[in-house]
Amino acid sequence: MRANPFENALVQLARAARVKKFSPELLARLARPEREINVAIPVRMDNGNARIFDGYRVQHSNLRGPYKGGIRYHPDTDINEVRALAFWMTLKTAVANIPFGGGKGGVAVDPKTLSKGELERLSRAFVRALAPVLGARADIPAPDVNTTPEIMNWMEDEYEKITGDKTGATFTGKPLGSGGSEGRGAATGLGGFFVFDALREILGVRKGASVAVQGIGNVGAHAARIFEEHGYRVVALSDSKSGIYNEDGVFVSEVIAHKKKYGTLSGFPNAHTVSNEKLLMLPVDVLIPAALENQITKKNARTVKAKIILELANGPTTPEADDILFKRGIHVVPDILANAGGVTVSYFEWVQNLKREHWTEDSVFRKLRAMLAREARAIFARSRALKTDLRRAAFVVALERIEKSLRNKK
Ligand code: NAD
């Protein structure tokens, strides 16, 4: 049976609550999403037949502000996955200290099997099903796995047609020129680099160290490129089908060009082929999971050789694996900190839409770096003070902020 990521999320919550005492009311409220919506989405396919897709939106908590979180298109997406992702968004927006709560959406579909027209009709139909609960001050979706700026544009357009709302601030991650922010595409990967860079010396990693990246989608490809630009040796990359490894390093732009041309990493010259499982075991300084949940588990955590795991994917490490890695002295920079760059720039986009402003890329990146570096250092200091790992420390910081909002609401 497929592992349930929401169970892992609840174990993480319980563990953080053993490090510091929080009110039973707070813990009870976070253990259950505030609202869950299941929708059946009818779509007219190109052959004239109708197909019904399962869609989900989980609104986990709005204690600190409107629900915020991406929409995923993936054949394995189910309510447990979306629930876990929504929960992590609540914690992540608190870690980033931006005025949002947490939500997430998903559609069980393999978008690679749809034509562009079918994909657009599905995306618009999903918004029609959810429109009553969305809104710039209620619930603000964004891209996630297999969803793109173009899809966000269709969704925002459909939402505007239904509601007449012209703020353009209900979906973030829109294209530039259609209300998108400079820097949103690279934001998650770049934010991960800023977090890493703020902690690098204290975690004992030298500049120019070796890096392996699992998953070269939006997040992983930008991260690989950014680490390379800062002088790091990117030695391994993978997609859902295969991976490549060269201990002397590869040129990231060449790997991405190869993938674009042939649709696969196999056949990339001057590199060994490596499976996704083997990629996680490579002798590298920094391992970056940037694909899906439950990749580092109790089965393989003992064989991980990296010094640091920078979680750009959501939920890639299970709680059992966390314990094994902590005992082995391997630092895990948790998802709710490491990949918070995406939602932080989504917040900047939302502010720009509401204020009718357009900020330069330089100003977006400067603000992003300052916010993430501050939070990363504060979380590291808490982990030392509480004698615990970075995940528990990040949860403690987030829970304190959410608890404050809960108290203010009474
Ligand atoms: P994406 O669809 O652009 O890319 C996903 C990549 O993962 C693809 O290259 C795919 O081939 C690969 N992949 C899928 N299954 C795999 C497997 N089993 N092993 C190795 N690779 C596999 O998605 P994305 O937006 O880059 O998201 C990646 C991760 O980052 C997800 O966990 C997502 O929730 C998280 N995340 C994304 C954002 C964002 O802004 N897009 C923000 C925060 C976190």
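Both ligands and their constituent atoms are indexed starting at 1 by order of listing. The figures that follow rest on heavy atoms only: side chains count, while hydrogens, waters and symmetry mates do not.
Looking at ligand 1, you'll find an N or O of Ala291 within less than 3.5 Å of one of its N or O atoms. Between Gly217 and ligand 1, at least one pair of N/O atoms sits closer than 3.5 Å. Backbone and side-chain nitrogen or oxygen atoms of Val219 are examined, and one is located within less than 3.5 angstrom of a nitrogen or oxygen of ligand 1.
Using a 4.0 Å cut-off to heavy atoms of Leu312, the atoms of ligand 1 that qualify are 30 (O), 35 (C), 36 (N), 44 (C). Against a heavy-atom cut-off of under 4.0 Å, Asp144 is close to the following atoms of ligand 1: 25 (O), 33 (C), 34 (O), 36 (N), 37 (C). Of all atoms in ligand 1, listed by their number and element, those nearer than 4.0 Å to a heavy atom of Ile216 are 9 (O). Ligand 1 places these atoms under 4.0 Å from at least one heavy atom of Asp239: 11 (O), 20 (C), 21 (N), 22 (C). The Asn146 neighbourhood of ligand 1 comprises atoms 1 (P), 2 (O), with distances under 4.0 Å to a heavy atom of that residue.
Within the set Gly341, Ala142, Ser240, the minimum heavy-atom distance to atom 10 (C) of ligand 1 is found for Ser240.
Distance alone, capped at 3.5 Å, is enough to place a donor-acceptor pair between the Lys305 side chain and the Met281 backbone.
Note on ligand 1: Arg184 sits in its first shell, one or more heavy atoms being nearer than 4.0 Å. Residue-ligand proximity: Arg72 is placed with a non-hydrogen atom under 4.0 Å from ligand 1.
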Residues 210-219 side chain polar contacts: donor-acceptor under 3.5 Å, at least two apart:
{"residue": "Ser210", "atom": "OG", "partner": "Asp285", "partner atom": "N", "Å": "3.1"}
{"residue": "Ser210", "atom": "OG", "partner": "Asp285", "partner atom": "OD2", "Å": "3.2"}
{"residue": "Gln214", "atom": "NE2", "partner": "Gln295", "partner atom": "OE1", "Å": "3.0"}

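Two residues are said to be in side-chain contact when any heavy atoms from C-beta on lie closer than 4.5 Å; Tyr245 and Leu282 meet this criterion.
At a threshold of 4.0 Å, the pair Asp362-Lys367 does not count as salt-bridged, since none of the basic side-chain nitrogens sits closer than that to a carboxylate oxygen. A salt bridge links Glu81 and Arg72; the closest N-O separation between the charged side-chain nitrogens and carboxylate oxygens is under 4.0 Å. Using a cutoff of 4.0 Å between basic side-chain nitrogens and carboxylate oxygens, Glu400 and Arg382 are scored as salt-bridged.
A ring-centre distance under 6.0 Å is found for Phe196 and Tyr232.
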